[in-house]
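Reviewing the structure listed below.
Numbering of ligands and ligand atoms starts at 1, following listing order.
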Amino acid sequence: EITDELAEAQRFLDNYDAAAEAVYYKSSINWWNYNTNISDHNLQIAIDYSLEVAKFDKNASSVASQFNLSRYDDRMRRQLSYIVNLGTSAMKDETKLQRLAAVSAEMESIYSRATVRMDDGRELALEPGLTKLLATSRNYDELLEAWQKWRDVSGREMREKYEEFVELSNEAIRNNGYSDTGAYWRSWYETENFEQILEGLYEDIHPLYKELHTYTRRKLIEKYGEDKFPRSRHIPAHLLGNMWAQSWNNLLDFLQPYDKESVDVTPVMQRLNYTAVKMFELSDDFFGSLGLERMPAEFWNHSMIVKPNDRDVVCHASAWDFSNGKDFRIKQCTEITMDDLITVHHEMGHIEYYLLYKNQPIVFRKGANPGFHEAVGDVISLSVRTPKHLREIGLLQDITDDEESDINFLLSIALDRVAFIPFGYLIDQWRWRVFSGEITPATYNEKWWQLRCRYQGISPPVERTEEDFDPGAKYHIPGNTPYIRYFVSYILQFQLHDAVCKAAGHSGPLHKCDIYRSHEAGDLLRDVLSLGSSLPWPDALEKITGQRNMNASSMLTYFDPLYEWLKQENIKAGDATGWEDACPQNIPPG
Ligand SMILES: CC(=O)N[C@@H](CC(=O)O)C(=O)NC[C@H](CC1(C(=O)N[C@@H](Cc2ccc(O)cc2)C(=O)O)CCCC1)C(=O)O
Ligand SMILES: [Zn+2]
């Protein structure tokens, strides 16, 4: 009777897949309609149907949990356990489930609709206005005004909602036997000492980050004056070219040490009249050159790649899998900048992953772990951004291949990828502790800044209090998108880059590798990405790199020439590295 139990389980799984595709398709369409046209009407449709989805999930979970897992092979066991393992759908009380969806959508709507009125009358949204101001302004006071007002109209407006959200999310998740939402999110990595491993990776990169921080702080002092910088050696948070100081690549114009053609090709893209479509075609062409899947017709017909001017949309870029194996889209308020060209590749990396695992059972249509999903596009952009490749596609003219250009290039990548490491690490350090109750609403903001000061070495340029809710000024908090996936991705993407470069037959320094047109590299990616989450991620990683664990060595090798150069520069300048753990008491005069 084991065989008919096996047959029964297989029948259940086949029926589940067909039913789930239909339910998730409808849900995705609802949320797409809301994200691309924010209205109460569209929100109500999405929220109402999310209750149907929860019913479907709960029912499937209870049926799946009746099968005796011990009798089946790994693949079937894994499939059934994913169906059993509910998320917030486990919420028993339907009214609370509705409230959870509503309060999440309300926070995301506040964030997406918020605009800032500058003293000079300008009315700026986050995208494109404030993003461009933080990237291009070199006026200390103007930057401070934008930085502070954005936090007033976003985070400050959603503090109470977030407190309610935390309680509701935890109540739902605890029905699955997890202690809190953070524990549930960490369970996706199926890794025992996950937090210790993360701490170790952070420590591995910290020496490199400290040298970059010291160099950047010295250049910023030259520009804005010593009196603007606290004695604790922190960098004021609004001076790093980004609203959250998470990437510093917009400072390249005055951080670039050697006077050579800039690898920030934004001006060239604009001079060549690049369009959003052109940017998307470039990325599609790169994936095609590897022998991977090109974007299907549905993608080009249904994606939203520029900000519409007749309605409110969620501008934060995203990639969407509509769960029917055919409909895949990107929503992006694309600007003609290098930053956005990198984002296009990042989003298309998600679509590529969707396309490669689209024939898997629906519960396996996920990344090997969430960090894998975030790494795909960034691996491609590590090749695209090489001077060699940018010259090949006509975005660089006379870049020379010498030591000084090398340092300029490595610095441009480090300002994006190394600067990010402490930020990528701290977001969920804060959020896991909020979910566990260690951080209470009474200390939300104080604990946030303790982490920001300690890990990033940046400090608030003006007094912060518990009237503020600065975490809410970062999309992923109101958007409830877990963040450690990006930290994992930034380590993984260099291990993957190393592996695909070897497969492409690259020799020489890792940072000069461009896998363009390499079908060997493409085949390696295809073999592993097609697996989705059907195998534990160490198996996937081993198939690509031969290693079963994440480690920082590829990233450190990639940046080694820059690390040596930064150490010399900081010694020459007599600048000690590091900063005080605690935030500065005295805020320098604004
Ligand atoms: C339906 C849905 O939600 N789909 C998921 C994908 C999936 O899960 O299938 C999705 O599209 N999420 C959106 C999110 C958008 C971005 C982001 O938020 N990035 C981080 C960190 C970062 C920054 C620079 C960078 O180069 C790489 C990472 C930030 O901006 O802080 C915005 C810019 C780039 C990526 C994303 O694509 O990850
Ligand atoms: Zn992503």
Residues, nucleotides or ligands: over 12 heavy atoms within 6.0 Å of Lys543 NZ: no

Protein contact of atom 8 (O) of ligand 1 - nearest heavy atom, named by residue and atom, plus distance: Arg485 NH1, 4.2 Å

Residue, atom name and distance, where the atom is the protein heavy atom closest to atom 30 (O) of ligand 1: Lys474 NZ, 3.7 Å

Donor-acceptor pair between Tyr516 and Asp285 side chains, under 3.5 angstrom: yes

Atoms in ligand 1 with a heavy atom of Glu347 nearer than 4.0 Å: 11 (O), 15 (C), 16 (C), 34 (C), 35 (C), 36 (C), 37 (O)

Between Thr191 and Trp537, a side-chain donor and acceptor under 3.5 Å: yes

Polar atom proximity, Thr343 to ligand 1 (N or O, under 3.5 Å): no

Which segment of Arg417 sits under 4.0 Å of ligand 1 when only heavy atoms are counted: side chain

Donor-acceptor under 3.5 Å (Gln493 side chain, Ser489 main chain): yes

Protein residue, atom and distance nearest to atom 25 (C) of ligand 1, heavy-atom basis: Tyr490 OH, 3.4 Å

Under 4.0 Å to a heavy atom of Asp378 - the qualifying atoms of ligand 1, by number: 26 (O), 27 (C)

Identity and separation of the nearest protein heavy atom to atom 36 (C) of ligand 1: Tyr486 OH, 3.4 Å

Close N or O approach (Gln246, ligand 1; < 3.5 Å): yes

Top protein contact for atom 15 (C) of ligand 1, by heavy-atom distance: Ala317 O, 3.0 Å

Part of Tyr354 within contact of ligand 1 (heavy atoms, under 4.0 Å): side chain

Distance-only N or O hit between ligand 1 and Glu374, under 3.5 Å: yes

Residues Asp48 and Gln44: side-chain donor-acceptor under 3.5 angstrom: yes

Presence of N, O or S from Glu347 under 2.8 Å of the Zn ion (ligand 2): no

Heteroatom distance test (Ala319, ligand 1): nitrogen or oxygen, under 3.5 angstrom: yes

N/O/S from His346 sitting under 2.8 Å away from the Zn ion (ligand 2): yes

Ion pair check, Arg417 and Asp378, cut-off under 4.0 Å: yes

Backbone or side-chain N or O of Ser318 under 3.5 Å from ligand 1 N or O: no

Close aromatic pair by centroid cut-off 6.0 Å: Phe559 and Phe494: yes

Ser169 versus Thr181, side-chain donor and acceptor atoms under 3.5 Å: yes

Pair His476 + Tyr111: ring centers closer than 6.0 Å: no

Parallel, tilted or perpendicular, as decided by the 30° and 60° cut-offs, for the rings of Trp185 and Phe435: perpendicular

Salt bridge flag under 4.0 Å for residues Glu127 and Lys307: no

Pair Tyr490-Glu374, side-chain donor/acceptor within less than 3.5 Å: no

Heavy atom of the protein closest to atom 17 (C) of ligand 1 (residue, atom name, distance): His316 NE2, 3.5 Å

Nearest candidate to atom 20 (C) of ligand 1, where distance is taken over non-hydrogen atoms, out of Phe423, Tyr483, Tyr353: Tyr483

Closest Glu374 atom to the Zn ion (ligand 2) [N, O or S only]: OE1

